[in-house]
Amino acid sequence: MPVRHGIFITETAQGARPIVEVATAVVGLVATGPDADEDLFPLDTPVLIGDIRAAIAVAGETGTLPAALAAIYDQCSPILIVVRVAETVDPEDQDDAVIGTIAGGAYTGIQALLAAEGATGVRPRILGAPGLDTAPVFGALGIAAQKLNGMAYGYCTGATSVSEALVYAEDFALREQMLFWPGTSAENGPADLIARVLGMRARIDETVGWHKTISNVVVNGITGLATPVFFDLQDASTDAGLLNDGPITTVIRKDGYRFWGNRTRSPDPMYAFESAVRTSQVLRDSIANGLLWAVDQPLTEGLIKAMIETINADFDAKIAQGRLIGGRARYDRDLNPAVNLAAGKLALIWDFTPCAPMEELNGTQQITDIYYADFGRNLG
C-alpha cells in the first residue's frame with residue numbers, strides 16, 4: 001500500500017429521493033392511412049408525434065388515421081404514439097393486421113405499441129383503435145394495456161340498441177378496458193366517438209389529473225348521437241342508467257355532450273372505477289422507477305428507511321394535491337426472514353386509497369311548516 005498522507009473524503013448520499021411521476025397523457029393510436037406520408041407513418045412502426053397539427057397535415061384523406069387525429073385534436077394536443085397498419089379488404093384480414101404479431105423480433109399492429117418505449121422513449125398509456133376495434137381487436141388492446149400499465153378504450157361494435165350493447169360488453173372483463181356506446185352522428189360515428197374518448201382522456205390528465213374519471217366533462221366537437229340516449233339526472237331507470245349498470249360509458253346531452261360513466265370492465269369491485277385502476281398504475285410505475293437508485297445498494301437499515309421515506313413522501317405529496325385519499329409504506333419483519341435478507345431479497349409493503357368519483361348523490365327533501373313560526377313578526 002502506498003503511503004497516503006492527508007484527508008481523503010468519500011462522498012455518499014443518504015435519505016429519501018423524489019419520485020418523478022410517470023407521464024400518463026400519452027395516446028397509443030392504431031390506425032389505417034393508405035395515403036398517409038410513409039416517411040412519417042411507416043407501416044407497423046411506433047412513431048412519436050409531438051405536433052399533432054403537423055401530423056394531420058400529412059395523414060392523408062383516407063383510412064381511420066386523419067379523422068382520428070382531427071377528433072383527438074378537438075380535445076387537446078397530446079403526445080401520441082401512432083402505429084399505422086395496412087388497410088385490407090377482408091374484415092378478418094383487417095383484424096389480423098390491427099392485432100399484429102411478434103415474429104422474428106418484429107412487432108406489428110397493436111403489438112408494436114409494446115415496443116414503443118424502447119423505440120421512442122415514451123410509453124403509450126391511453127390505447128385505442130377507432131373504427132377498427134372489433135371484439136378481437138379490443139381483446140388484444142386490453143392485453144396490451146395490461147402489459148403497458150395503461151387503459152384500452154373501445155366501442156360496442158355492431159350494437160344498434162342498448163340491449164345489444166349490454167350483450168356485447170359481456171365478453172370483456174379486464175380492469176384495463178372501458179367500453180362506450182353509442183357513436184356520434186358523424187359519418188364515422190363509432191370511430192369518431194372513440195377518438196374523442198382518447199383525446200378527452202389525455203385532456204383530463206393534462207388539466208386535472210389521472211385521478212379524475214372521464215365522466216361528466218363537456219366533449220368538444222360532438223354535434224349529435226347516432227342513437228338517442230334517454231337520460232334523467234334523477235332517475236336511474238333510463239338508457240344511460242342501464243348502460244352505466246352494464247357497465248358501459250355512454251354519452252348524454254346536458255349543457256353540451258358529455259361522457260357519462262366511471263366504470264371499467266373489472267369484476268373486482270376494488271377496481272370498478274377508472275380512477276382506481278389508473279391510480280394503481282401510476283403508483284406502481286412511479287414507485288418502481290423512483291426506487292431504481294436503491295437496487296444493488298448495500299442492504300442496510302438505512303437503505304430501507306430511505307426507501308420507505310421516499311415512498312411515503314410521494315404519498316404525502318399526492319394526498320396534499322388531492323390525487324390520493326391516503327397511502328403508507330412500511331417494513332414487515334415477518335415478510336423478511338434473515339435467510340431472504342442475506343440473499344439480497346427485501347420485501348416492502350404499501351397500501352393506498354384512491355379517489356372514488358362521487359357517482360351517486362342522495363338528498364332528502366322535506367316539506368315543513370316550521371318556517372311559518374315567526375311569520376308576520378315584521379308586519380306591524
Do [X] and [Y] come within less than 4.5 Å of each other through their side chains, counting heavy atoms only?
| X | Y | answer |
| --- | --- | --- |
| Leu141 | Glu176 | no |
| Thr249 | Trp260 | no |
| Leu291 | Ile311 | yes |

Using a strict threshold of under 4.0 Å (side-chain N to carboxylate O), is an ion pair present between [Y] and [X]?
| X | Y | answer |
| --- | --- | --- |
| Asp205 | Lys212 | no |
| Arg201 | Glu206 | no |
| Arg123 | Asp285 | yes |

List the atom of Ala329, the atom of Phe315, and the distance in Å for their closest heavy-atom pair.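 The answer is N-CE1, 4.1 Å.
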Check the side chains of [Y] and [X] for a donor-acceptor pair under 3.5 angstrom, ignoring hydrogens and angles.
| X | Y | result |
| --- | --- | --- |
| Ser163 | Ser161 | yes |
| Tyr331 | Glu301 | no |
| Asn244 | Arg263 | no |

For the backbone of Thr32 and the side chain of Arg84, can you confirm whether one donor and one acceptor N or O come within less than 3.5 Å of each other?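 No: the side chain of Arg84 does not pair with the backbone of Thr32.
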Is there a donor-acceptor pair under 3.5 Å between the side chain of Asp44 and the backbone N or O of Gly109?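 A pair under 3.5 Å: yes.
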Mark yes or no: Arg265 above the aromatic ring of Phe172, with NZ or CZ under 6.0 Å from the six-membered ring centre and no more than 45 degrees from the axis.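 No, Arg265 does not lie over the aromatic ring of Phe172.
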Would you say that more than 12 heavy atoms from the other residues, nucleotides or ligands in this model lie under 6.0 Å from the CZ of Arg253, or not? no
